[in-house]
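Note sheet for the following structure.
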Amino acid sequence: MKISALKNGFSIIELLGVLALMGIIAAIALPHWRAVLPSYALNNSTRQIQSELHSIKMRAAAENSGFQLSFLQGASEYTIQRDSKPLQTRPIADGTSITKAGAIAFSPRGTPRANRVRLRSANGACRIVVNATGRVRVCTPINCAEDC
């Protein structure tokens, strides 16, 4: 005699086993994920400000007017100005702040007054440096006391 049984789907025990395994994996991964997020926020803010500096440098030369990126200490935003009049205020990523007030200005020819933007998050610090020739670069000091 032939008995045929059809198995459609999964049993409750199989589903509970998979859910328990997924819970264990999530419990292991969650602390590592929380440590990674601040570094992503810092990198995101750094790329955003670096890109903005390149953009206003090009706009200054194209529109033949002075542009400035200004920022305040402890702020989580910066302001773009054209001929000392505010154009836009843009936020940076959550968990990231600017550690020192200042401004980076570009003349109508696109030449900058050299300066730097200092950013900090829970996982570290980063600087965007604009030198006198207009080169915009990112550097990461080993500690906050040294310059790069």
Roughly how far, to the nearest 0.5 Å, is the CD atom of Q88 from the CZ atom of R82? 12.0 Å

Greater than 12 external heavy atoms within 6.0 Å of I12's CD1: no

Output for pair (K57 NZ, S107 OG), nearest 0.5 Å, gives 10.5 Å

So the side-chain hydrogen bond (donor to acceptor under 3.5 Å, both in side chains) pairs with at least one residue in residues 91-101 (sequence neighbours excluded) are none

Closest non-hydrogen atom pair, P86 against Q81: CA-CG, 3.9 Å

Measure the spacing between CZ of R116 and SG of C126 and express it to the nearest 0.5 Å. 12.0 Å

Which other residues end up in the same hydrophobic cluster as I104, if Ile, Leu, Val, Met, Phe, Trp and Tyr are linked when side-chain heavy atoms come under 4.5 Å apart? L42, I49, L53, I56, F67, L69, F71, Y78, I80, L87, I92, I98, F106, V117, L119, I128, V130, V136, V138

Any donor-acceptor pair under 3.5 Å linking the side chain of Q48 with the backbone of P91? yes

Looking at CD of E77 and OG of S70, how far apart are the two atoms once the value is rounded to the nearest 0.5 Å? 10.0 Å

Roughly how far, to the nearest 0.5 Å, is the CD atom of E52 from the CZ atom of R47? 14.5 Å

Shortest non-hydrogen separation from A93 to A41 and the atoms involved: CB-O, 3.6 Å

Give a yes or no on this: more than 12 heavy atoms of other residues, nucleotides or ligands lie within 6.0 Å of atom CG of L30. yes

Partner of F10 under side-chain contact (heavy atoms from CB on, under 4.5 Å), chosen from L16, V18, L15: L15

dist R127:CZ -> R120:CZ (nearest 0.5 Å) comes out at 8.5 Å

